[in-house]
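Structure first, commentary second.
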Amino acid sequence: QVQVVESGGGSVQPGGSLRLSCAASGRIFVIGVMGWYRQAAGKERELVSSIFSGGSTNYADSVKGRFTISRDNAKNTIYLQMNSLKPEDTAVYYCSADHKSTLYSTYQEYWGKGTLVTVSS
């Protein structure tokens, strides 16, 4: 079993910064892509950013130039540095990790419980 735990959420004023962390732990064989999603009140969950084990990244247009995703493969951990935060960034941020339990198995996606980010003056 794999556990995914997010941390680092909180409240910040517009223009401020926060850094989220997400660690995968448990009986890990191979972690593939990891990503950050967010869900604002009354809206659907959306992809914020993702990163592959080799370092390739993707960003939603709404966060390009403001958010930076990074990864520590040795720790099975990813980070999301969020700068120039806007009220519209307010949401619960979820982390996902794709895990393969054997060499020949397919990837399964695991989710954390989320961490709340509130951007307000």
Side-chain angles (χ1 to χ4, degrees):
Q1 189 69 6
V2 175
Q3 296 81 41
V4 175
V5 179
E6 306 97 337
S7 61
S11 296
V12 65
Q13 292 186 340
S17 298
L18 281 175
R19 187 187 192 219
L20 305 183
S21 299
C22 167
S25 62
R27 298 184 65 180
I28 292 175
F29 180 65
V30 174
I31 297 286
V33 62
M34 296 182 72
W36 289 100
Y37 292 74
R38 68 186 180 187
Q39 187 167 18
K43 295 188 176 181
E44 294 186 353
R45 189 174 299 189
E46 63 175 357
L47 175 66
V48 176
S49 182
S50 62
I51 184 167
F52 290 80
S53 58
S56 298
T57 60
N58 291 299
Y59 293 95
D61 288 343
S62 59
V63 306
K64 283 181 181 177
R66 300 188 298 122
F67 291 9
T68 302
I69 192 169
S70 59
R71 179 168 177 158
D72 185 336
N73 287 327
K75 297 180 179 179
N76 295 314
T77 298
I78 62 170
Y79 307 92
L80 187 68
Q81 178 66 43
M82 305 185 294
N83 298 328
S84 303
L85 282 162
K86 304 175 181 180
E88 51 263 44
D89 294 318
T90 296
V92 177
Y93 283 71
Y94 297 91
C95 177
S96 73
D98 281 1
H99 175 255
K100 179 186 286 193
S101 58
T102 70
L103 185 62
Y104 302 106
S105 64
T106 57
Y107 282 99
Q108 284 187 295
E109 190 171 39
Y110 291 85
W111 290 88
K113 294 182 178 181
T115 184
L116 178 63
V117 172
T118 303
V119 184
S120 174
S121 55

Exercise for the section: List the steps and the verdict of side chain to side chain contact (heavy atoms under 4.5 Å, CB included) for Arg45 and Tyr94. Expected result: CA-CA 9 Å; Arg45 189 174 299 189; Tyr94 297 91; 3.5 Å; yes
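- Ser120 is not listed as a side-chain neighbour of Pro87, based on a closest heavy-atom distance of 4.5 Å or more.
- Partners of Lys86 according to the side-chain contact (heavy atoms from CB on, under 4.5 Å) rule, which considers only residues two or more places apart in sequence or in another chain, are Arg66, Glu88, Asp89.
- With sequence neighbours excluded, the residues that form a side-chain contact (heavy atoms from CB on, under 4.5 Å) with Gln108 are Tyr110.
- Inter-residue side-chain proximity for Glu46 and Tyr37 is flagged as unmet; no heavy-atom pair is nearer than 4.5 Å.
- Legend: residues meeting side-chain contact (heavy atoms from CB on, under 4.5 Å) with Leu116, ordered by chain and number and at least two apart, are Val92, Thr118.
- Scanning for side chain to side chain donor-acceptor pair (under 3.5 Å) contacts around Gln81 gives Asn83, with sequence neighbours left out.
- Listed here is the closest heavy atom pair of Ala23 and Thr77: CB-OG1, 3.6 Å.
- Grouping Ile, Leu, Val, Met, Phe, Trp and Tyr residues whose side-chain heavy atoms lie under 4.5 Å apart, directly or via other members, places Val33 in a hydrophobic cluster with Phe52.
- Expressed to the nearest 0.5 Å, how far CD of Gln3 lies from CZ of Arg27 amounts to 11.0 Å.
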Exercise for the section: Using the side chain to side chain contact (heavy atoms under 4.5 Å, CB included) rule, take Ile31 and Arg71 through it: C-alpha gap first, then chi angles, then the decisive distance, then the call. Expected result: CA-CA 11 Å; Ile31 297 286; Arg71 179 168 177 158; 3.4 Å; yes
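- Taking 4.5 Å as the limit, some side-chain heavy atom of Leu18 sits within range of a side-chain heavy atom of Val117.
- Atoms OG and CD1, on Ser70 and Ile78 in that order, are 8.5 Å from each other to the nearest 0.5 Å.
- Taking both residues in full, the closest heavy atoms of Ile69 and Ser49 are given as CG2-OG, 3.2 Å, listed atom of the first, atom of the second, then distance.
- Applying the salt bridge (Lys or Arg N to Asp or Glu O under 4.0 Å) test to every pair with at least one member in residues 94-121, sequence neighbours left out, gives no pairs at all.
- Under the 4.5 Å side-chain criterion, counting only non-hydrogen atoms from C-beta, Ser50 is not in contact with Trp36.
- Identified under the ring-ring contact (aromatic ring centres under 6.0 Å, His included) test for residues 55-89, with sequence neighbours left out: none.
- Evaluation of the disulfide bond (SG atoms under 2.5 Å apart) test over residues 81-121, restricted to residues two or more places apart or in two chains, returns Cys22-Cys95.
- Here the closest heavy-atom approach between residue Gln39 and residue Lys43 is recorded as NE2-O, 3.1 Å.
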Handout entry: Stepwise side chain to side chain contact (heavy atoms under 4.5 Å, CB included) test for Thr68 and Leu80
Key = CA-CA 6 Å; Thr68 302; Leu80 187 68; over 6 Å; no
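- Partners of Thr115 by side chain to side chain donor-acceptor pair (under 3.5 Å), not counting sequence neighbours: none found.
- For the atom pair OG of Ser11 and CG of Leu85, the computed distance is 11.0 Å after rounding to the nearest 0.5 Å.
- Contacts of Lys64 classified as side chain to side chain donor-acceptor pair (under 3.5 Å), with partners at least two apart in sequence or in another chain: Asp61.
- Contact record, Tyr107 with Gly32: CE2-N, 3.6 Å, taken as the closest heavy-atom pair.
- When the side-chain contact (heavy atoms from CB on, under 4.5 Å) test is applied to Ala91, the partners found at least two apart in sequence or on another chain are Arg38, Ala40, Tyr93.
- Considering only residues two or more places apart in sequence or on other chains, Ser121 meets the side chain to side chain donor-acceptor pair (under 3.5 Å) condition with none of them.
- When all heavy atoms of Leu47 and Ala60 are compared, the pair lying nearest together is O-CB, 3.4 Å.
- Nearest heavy atom pair, residue Val12 against residue Gly16, reads CG2-CA, 3.7 Å.
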